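Below is one structure, written out as structure tokens; the observations come after it.
Keep in mind it's a predicted model, so treat the numbers as computed, not measured.
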Amino acid sequence: MTLSNISSIFFYFSVFALTFLFAFLHQKHQKKAFAVVSVLIPAIAIAMRFGVGTDSMAYSEMFDVVSEEPLEQAISRITAFSMEPTAIFLIRILDRFAFGHFAFYFAYSLLTFACLFFFAKKLDKNNAWIIFGALVLIMLPYCINGMRQ
């Protein structure tokens, strides 16, 4: 999905604002649902833009190659460190259940932002919502597809 400059600014602002809001609500009320939503928001935003950026095309090509090759070849890629093991693992699982590129981008982005959320909580429990929101704020515009990060 390609956005104009004004639309992009609105899109990013909305993602940031909602992420901060739900992370704050989690901090304030200690409800896990708010934490889940605060992680889902940037992951969904990135998954919706899975065709944008250089990394996006590289991951799409990786998805096509790895999903069509025999399992033994995928395992040898992991052990030889020729590709990212997490990506290969996710591709094999998602392809097994007939999920495509969008599900792969969503799952990989979800994994990325969940790790950032737990990192923020580990770093400072009282200000985790600010740290997580800042990490999303810093990371999202520079990695529109959110994959490699």
So CG of N127 and NZ of K121: to nearest 0.5 Å the spacing works out to 12.0 Å
Is it possible for you to say whether F118 and V36 belong to one hydrophobic cluster, with membership spreading through side-chain heavy-atom contacts below 4.5 Å?
yes
Any chance CD1 of I6 has more than 12 other-residue heavy atoms, nucleotides or ligands included, within less than 6.0 Å?
no
Give me the ring orientation class for F16 and Y12: parallel if the planes are under 30° apart, tilted from 30 to 60°, perpendicular past 60°.
parallel
Are F10 and I41 connected in a single hydrophobic cluster, I mean Ile/Leu/Val/Met/Phe/Trp/Tyr linked by side-chain heavy atoms less than 4.5 Å apart?
no
Can you tell me how far OG of S60 sits from CZ of F104, rounded to the nearest 0.5 angstrom?
8.5 Å
For F11 versus A45, what's the shortest heavy-atom pair and its separation?
CZ-CB, 3.6 Å
Indicate the atoms forming the closest heavy-atom contact of V39 with A114, along with that distance.
CG1-N, 3.6 Å
Going by side-chain contact (heavy atoms from CB on, under 4.5 Å), name the residues that satisfy it together with I93, two or more places apart in sequence or in a different chain.
F89, F97
Can you tell me how far the CG atom of L94 sits from the CG atom of L90, to the nearest 0.5 Å?
5.5 Å
Just say parallel, tilted or perpendicular for the rings of F132 and F117, cut-offs at 30° and 60°.
perpendicular
Ignoring hydrogens and geometry, is there a side-chain-to-backbone donor-acceptor pair from Q27 to K125 under 3.5 Å?
yes
Passes side chain to side chain contact (heavy atoms under 4.5 Å, CB included), L135 versus F119? Steps please.
CA-CA 10 Å; L135 289 171; F119 170 75; 4.0 Å; yes
Applying side-chain contact (heavy atoms from CB on, under 4.5 Å), can you list everything that pairs with I44, at least two apart in sequence or on another chain?
L40, M48, F106
Around E61, counting heavy atoms of other residues, nucleotides and ligands shown, do more than 12 lie under 6.0 Å from its CD?
no
Decide whether I138 and I9 are clustered together by the hydrophobic rule: side chain heavy atoms of Ile, Leu, Val, Met, Phe, Trp, Tyr closer than 4.5 Å, transitively.
no
Audit row: L25, F22, side chain to side chain contact (heavy atoms under 4.5 Å, CB included) steps and yes/no:
CA-CA 5 Å; L25 290 173; F22 282 99; 4.3 Å; yes
Any side-chain to backbone donor/acceptor pair from Y108 onto T86? Under 3.5 Å, distance only.
no
Can you tell me how far CD1 of I46 sits from CZ of F113, rounded to the nearest 0.5 angstrom?
3.5 Å
Step by step, would you call H101 with D64 a side chain to side chain contact (heavy atoms under 4.5 Å, CB included)?
CA-CA 9 Å; H101 293 112; D64 294 338; 2.9 Å; yes
Intermediate values then yes/no, side chain to side chain contact (heavy atoms under 4.5 Å, CB included), S38 and F34
CA-CA 6 Å; S38 72; F34 290 135; over 6 Å; no
For V15 and P42 the tightest heavy-atom approach is CG1-CA, 4.2 Å
Can you find a pair of side-chain heavy atoms, one from E69 and one from R92, that are under 4.5 Å apart?
yes
Closest approach of G133 to F20 (non-hydrogen atoms, all atoms of both residues)
C-CZ, 3.3 Å
Classify the angle between the aromatic ring planes of F24 and W129 as parallel (below 30°), tilted (30 to 60°) or perpendicular (above 60°).
perpendicular
Please report the shortest heavy-atom distance between H26 and K31, naming the atom on each side.
ND1-O, 2.9 Å
Nearest 0.5 Å, please: how far is CD in Q73 from CD1 in I88?
9.5 Å
Enter the distance from S14:OG to L21:CG here, rounded to the nearest 0.5 Å.
12.0 Å
